[in-house]
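Take a look at the structure below.
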There are 2 protein chains.
Amino acid sequence: MAVTIYDIAREAKVGIGTVSRVLNNSANVTRQTRDRVLTVAAKLNYQPHAFAQALARKRSSTLNAIIPFFSNYFFIQVLQGVQETLIAHGFDLIIHGANTQEQAEEYLLHSTRKGRVDGTMLFSLGLPDHVAQEYVKKDIPLILVDTFHPMFDSIRVDNIEGAKRATKHLISLGHTSIGMINAKEKSVPARERLMSFKETLQSSGIVIFDEIIVNSTLDKDDGFSRESGYEAVQELFRRNIKMPSAFFVSSDIQAIGVIAALQEHNFSVPDDVAIVSFDDIELAKYFELTTMRQPMFAMGELAVKKMLERIEKPSAPVSSINFTPDLIIRSSCGAKKI
Amino acid sequence: MAVTIYDIAREAKVGIGTVSRVLNNSANVTRQTRDRVLTVAAKLNYQPHAFAQALARKRSSTLNAIIPFFSNYFFIQVLQGVQETLIAHGFDLIIHGANTQEQAEEYLLHSTRKGRVDGTMLFSLGLPDHVAQEYVKKDIPLILVDTFHPMFDSIRVDNIEGAKRATKHLISLGHTSIGMINAKEKSVPARERLMSFKETLQSSGIVIFDEIIVNSTLDKDDGFSRESGYEAVQELFRRNIKMPSAFFVSSDIQAIGVIAALQEHNFSVPDDVAIVSFDDIELAKYFELTTMRQPMFAMGELAVKKMLERIEKPSAPVSSINFTPDLIIRSSCGAKKI
DNA sequence: CTTTATGGTGGAAGGGCTTTCAAAAGTAGT
DNA sequence: ACTACTTTTGAAAGCCCTTCCACCATAAAG
């Protein structure tokens, strides 16, 4: 039913090879033949058959993305960057939303089916070694975004620099008693943010009080949750600790919980306690959070570019790129009047 | 390099036809041969080549989804439903995030490339007639979610019933002066919600005051935006109109703007003005909005099921299914104490 | 012990494209 | 006008699978 290159060849009185060459802009075709073929193709409304092409070319022009479904705003943004770049290169995107690490592994292994996709991009989820082996063995391009493995290209957010900027901002506002509400320490970003927070305080000559630094004890989303922030503050009140004048919170979503808990105890933000958090998710705007924005669109864009480079040169050295988050000032830090 | 059915055939000393039959669980293969082939396949770690399969089978086991990127939470949820169902049936999902109606059309036409996908699902975006023609002509299954066209299967939210329930809830709480903050009237859901709101008031014997019914004048997202809600309330204050004791707002995101505007004028929610909105997006929980929840996961699930049915029976009569939203009571309506 | 079913099997024929190869046509040099 | 190239072109081979058809065994029936 569908029109094939054979139809075009017959109609244009050329061979199928010529048709293919014209359609692929290969060299060595006369202007005349080219025009004739193109005209016929347009007349018949020819559409190349993607699968036949993929089979013959041994590449599919399709990429795989494995992303966590739960933390949505970040990924919607990154995906926009991914997609716009992809479209520009004529690639398609197959998406696997993972809710758990196990699911991610399953998809990773699943999309190993050679030929199906030209490469896969993994977002924010861990890459277990045995899966990494599989990718190396089958030689499938893999780009990591917001996660890391020494054997693959990765694109990350510079948590060290981000936490440093956030902390410095609080210091610059005159705070000297600064606490931190952190996610679970087992999470890499959480650890990095905590470390940099402490270092920045230290190098600024501010005393670090361990009792106003709380690591989440909740498991959900590695402690990057509203409940986690809420609970951390409640714990501080329970322990009857004097509140610091400012908190650095490891994510916006936690900050929302922090604010709620503080309000329950009649502490207002930013008047009694200033807050700077991390991520700049959609909610941040509505809650007027001062936060560290991650260049999400740009990260998505770059992920695709890296992928195309990797497909081009499979043996190029592994690269790792860091994006530095920007400080977005809203009213939760007290620097700006509402 | 990759292992093919020929390798298996040679190794297992059978014909390629037999290998294919075993791998596809076709009948008429001895237990012995089956086992032998399966053993060899496992040993060689055989992975079928998706494109070759698609080419031979004339179907790709891949679906297309075209969704608006902007209103994210709703779609993330729907997508989860879509994906989990898809996975269960061994399908892949290609996603096109559209930011505008034009982009959606482009993708719709683009994914018309026969053979690439077995069908496409369109979410919340309009289907222009000329595109519809194209799909009918090429006989590509198309399922509409949260949008409508008489020639294709559709899955929708029952705005009439939803608005009715929301309005009745406010009435049941004793309100007699109820206004509505609506999105742009050109949007179909907006029109339906408004109409049902009015009808419900009428049939309950409540007077309708047109001056406390505001249709958005802002274009962005058809008026389903925070600014739109904020602006509508400001307009009411500007016109110096007596505030009603309750508002039905056509979406959660607008309700957030409504609350902000009311607060600026020292009206508290729900004490001075009660609010019921629509959607139950993620934000709704944090803002304690009483709202009409759309069964998003179930809609995604059903979309896929409908699609599979349609692929199965291309000539089955077109169906249209309505989901009824559920009333989620939080504190913005004043029914529940915080 | 033939005949007729019937399950089991191998392999060719596609499916629609790219690419290679060799032949045909064109160009230039003499 | 003839040789020596260079371009252009048609067609076959291959990508990897499914499916159809013909053939071979058996087993059941006569």
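By convention in this document, chain letters (A, B, ...) are assigned in the order of the sequence lines, proteins followed by strands, and residues within each chain are numbered from 1.
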Take atom CZ of Arg116(A) and atom C1' of dC16(D), then tell me their distance rounded to the nearest Å. 15 Å
Distance-only polar pair, side chains of Arg116(B) and Thr62(A), donor-acceptor under 3.5 Å: yes
Using modelled atom types only, decide if a donor and an acceptor are shared between the side chain of Thr30(A) and the backbone of Gln32(A) within a distance under 3.5 Å. no
d(CZ, Arg59(A); P, dT19(C)) in whole Å: 10 Å
With side chain to side chain contact (heavy atoms under 4.5 Å, CB included) as the criterion, how do Thr147(A) and Leu127(A) come out once you've worked through the C-alpha distance, each side chain's angles and the decisive distance to 0.1 Å? CA-CA 8 Å; Thr147(A) 174; Leu127(A) 179 68; 5.5 Å; no
If we ignore hydrogens and angles and just use 3.5 Å, is the side chain of Arg310(A) paired with the main-chain N or O of Ile140(A) as donor and acceptor? no
Under the salt bridge (Lys or Arg N to Asp or Glu O under 4.0 Å) test, which residues partner Lys58(A), sequence neighbours left out? none
How long is the line joining CG of Leu23(B) and P of dC16(D), in whole Å? 15 Å
Salt bridge (Lys or Arg N to Asp or Glu O under 4.0 Å) involving Glu309(B) - partner list, sequence neighbours excluded: Lys306(B)
Would you list the protein and nucleotides 22-28 of chain D atom pairs, both N or O, that sit under 3.5 Å from each other?
none

Does the side chain of Val3(B) come within less than 4.5 Å of Asn45(B)'s, by heavy atoms? no
Taken to the nearest whole Å, CG/Leu55(B) to C1'/dG14(D) is 13 Å
Can you tell me if Asn64(A) and Thr120(A) form a side-chain donor-acceptor pair at under 3.5 Å? no
Which residue, Arg31(B) or Gln53(B), contacts DNA chain C at a nucleotide closer to its 5' end, judged by nearest heavy atom? Arg31(B)
Give me the bend of the helix from dC1(C)-dG30(D) to dT30(C)-dA1(D), using the axes of the five pairs at each end, rounded to 10°. 50°
Specify the separation, in whole Å, of atom NE2 of His49(B) and atom P of dC17(C). 16 Å
Base, backbone or nothing for each nucleotide of nucleotides 5-12 of chain D, written B, S, -, heavy atoms under 4.0 angstrom, 5' to 3'? ---SBBBB
Touch class at under 4.0 angstrom, heavy-atom based, for Ser20(B) against every strand present: base
Between dG14(C) (C1') and Phe51(A) (CZ): distance, integer Å: 18 Å
Length of the line joining Ile5(B):CD1 and dG10(C):C1', which is rounded to integer Å: 12 Å
Answer yes or no: is there a donor N or O on one side and an acceptor on the other, between the side chain of Asp118(B) and the main chain of Leu63(B), under 3.5 Å? no
For the backbone of Asp7(A) and the side chain of Tyr46(A), can you confirm whether one donor and one acceptor N or O come within less than 3.5 Å of each other? no
What is the distance from CG of Asn25(A) to P of dT18(C), rounded to the nearest Å? 11 Å
Listed partners of Phe152(B) passing ring pair (Phe, Tyr, Trp, His ring centres under 6.0 Å), at least two apart: His149(B)
Has Gln83(A) got a side-chain atom pairing as donor or acceptor with Gly97(B)'s backbone, closer than 3.5 angstrom? yes
Can you find a donor-acceptor pair, distance only, under 3.5 Å between Tyr6(B) side chain and dC15(D) base? no
What nucleotide among dC15(D), dC17(C), dG14(C) has an atom nearest to a side-chain atom of Lys58(A)? dC15(D)
